[in-house]
Amino acid sequence: MAQLRIPGPTPCPDDVLQAMTKQMINHRGPEFAQLLNEVTARLKQLFQTKGDVLLLTASGTGGLEAAIVNTLSPGDKVLSVSIGVFGDRFASIAETFGARVTRLNAEWGQAADAGVIRQALQAEPEIKAVLVTHNETSTGVTNDLAEISAVVKEFDKLLLVDAVSSLGSIALPVDHWHCDVTVTGSQKSWMVPPGLVMVSLNQEAWQANAKAKMPRFYWDFVKAKSYLEKGQTPWTPAISTVFALQVALDMMLKEGLDNVIARHARVAKEARDGVKSLGLSLFADEKYASNTVTAVAASGGLDIKKMLKILREEHQVVLSGGQQRLDGQIFRIGHLGWVSEDDIKKVISAIGAALPQAGFKRAG
Ligand SMILES: Cc1ncc(COP(=O)(O)O)c(C=O)c1O
């Protein structure tokens, strides 16, 4: 079987996959209510929140759209802090629904600068909300969200966080860091197939929701919450994926959140050290290098597309290339969810074998 080491979807443990083979149940019946209540309680533990956590059937992007349309009105001013493809996407969603977006774009590979965010908030007091990507999957950079949040809250703005590729593997205590809306997706750290997004909301988010006028139907958080209170979702949920999530959450809680986070830190170090030992260099500023995805820059004549093909066809190792303007410029190793240091050692050894065939010549 191929080693799937892309930054999501991630491999799933056998017990998680097995759970998905269970027969369907009535999503308006007591069995589903118990399942949803259990899953929601466990998610709250892992989000470290006393707020609400809603389970929506969607991909990560749907969760980002839900976060925007439930808290903002057309014409609202929004500050987008973008450090890559997914930050840009968050901003575009807000624009699509009529927000006036000020885009603060950092150079790709770099983290956002809290000082620059402070200046932007000082310059435009009308800004209502700040959009931030915790972990930018396209560049392999993790923002210092605690620091960013402290600045956003200095100005008392709403903080909407894309934690699609961080929550559940990189520390993100949602309440402690005052994240008002936080979005993550089942196919990333959670070791579950695609299909579900999990979104937390605190009191400030609900207050914003009460005034928000952007159009919404499928994404309506008020409906989601009122159905959750009776153990249901407003629309037919991806039941099999919820079965899978229940098992995966159990595994995560057994391992312990701190241990899960520490494992990701060790695995990421293995990836970074391994890549460097081959004479390659990291794309991301190492101070902010992500513990869920390592982006590696093309150098030494390396033909990245050729290398990815060799890895796939000869080593059964599947990695990701770069997105948009990083296509052909970087490759990315996903190491989130169900992953160990040994898995990454094997990936590094396969890369080492493929490099010469893909034109790479080590400097010096
Ligand atoms: C940080 C981040 N945000 C948003 C998304 C979008 O998620 P999806 O592809 O599930 O819509 C991704 C997916 O890779 C992501 O990594």
Side-chain angles (χ1 to χ4, degrees), residues 4-12 47 54-69 80-96 105-106 108-112 130-145 148 159-172 174 179 181-200 218-219 237-238 241 244-245 264 268 283-284 288-295 318-324 326-327 330-337 339:
L4 182 66
R5 291 296 161 208
I6 64 173
T10 59
C12 304
F47 275 61
L54 304 174
L55 200 61
L56 313 175
T57 290
S59 82
T61 307
L64 298 181
E65 181 170 319
I68 298 226
V69 299
S80 139
V81 177
S82 175
I83 61 168
V85 170
F86 293 105
D88 288 357
R89 184 181 299 180
F90 211 0
S92 299
I93 296 169
E95 264 166 5
T96 301
N105 296 335
W108 287 12
Q110 301 297 313
V130 180
L131 315 180
V132 179
T133 318
H134 182 207
N135 184 74
E136 181 48 75
T137 322
S138 67
T139 61
V141 172
T142 305
N143 274 317
D144 186 338
L145 187 59
I148 293 172
L159 179 60
L160 309 186
V161 180
D162 173 349
V164 170
S165 64
S166 58
L167 198 59
S169 46
I170 297 176
L172 172 43
V174 162
C179 301
V181 182
T182 309
V183 179
T184 187
S186 59
Q187 80 277 24
K188 304 284 187 181
S189 313
W190 306 91
M191 309 184 289
V192 171
L196 294 171
V197 280
M198 299 82 98
V199 185
S200 71
Y218 184 81
W219 301 129
T241 317
L245 183 60
H264 281 84
F283 176 71
Y288 296 97
S290 164
N291 282 347
T292 59
V293 52
T294 294
V318 181
L319 305 183
S320 288
Q323 293 168 280
Q324 297 180 3
L326 294 177
D327 185 29
I330 63 167
F331 70 88
R332 294 172 299 150
I333 308 168
H335 35 78
L336 66 170
V339 61

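Residues: numbered from 1 along the sequence shown. Both ligands and their constituent atoms are indexed starting at 1 by order of listing. Quick note: numbers below take in every heavy atom, side chains included, and nothing from hydrogens, waters or symmetry partners.
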Please report the interatomic distance [atom1]([X]) to [atom2]([Y]), rounded to the nearest 0.5 Å.
X      : Y      : atom1 : atom2 : answer
Leu145 : Leu159 : CG    : CG    : 6.0 Å
Ser165 : His134 : OG    : NE2   : 9.0 Å
Thr139 : Trp108 : OG1   : CH2   : 8.5 Å
Glu65  : Ser92  : CD    : OG    : 12.0 Å

Table of N or O contacts for ligand 1, cutoff 3.5 Å:
residue	atom	partner	partner atom	Å
ligand 1	3 (N)	Asp162	OD1	3.3
ligand 1	3 (N)	Asp162	OD2	2.6
ligand 1	10 (O)	Gly60	N	2.8
ligand 1	10 (O)	Gln187	NE2	2.8
ligand 1	11 (O)	Ser59	OG	2.6
ligand 1	11 (O)	Gly60	N	3.3
ligand 1	11 (O)	Thr61	N	2.8
ligand 1	11 (O)	Thr61	OG1	2.5
ligand 1	14 (O)	Lys188	NZ	2.6
ligand 1	16 (O)	Thr137	OG1	2.4

Next item on the list: Apply side-chain contact (heavy atoms from CB on, under 4.5 Å) to Thr184 and Thr182, showing your working.
Entry: CA-CA 7 Å; Thr184 187; Thr182 309; over 6 Å; no

Check: Side-chain donor-acceptor pair under 3.5 Å between Ser290 and Thr292, yes or no?
Finding: yes

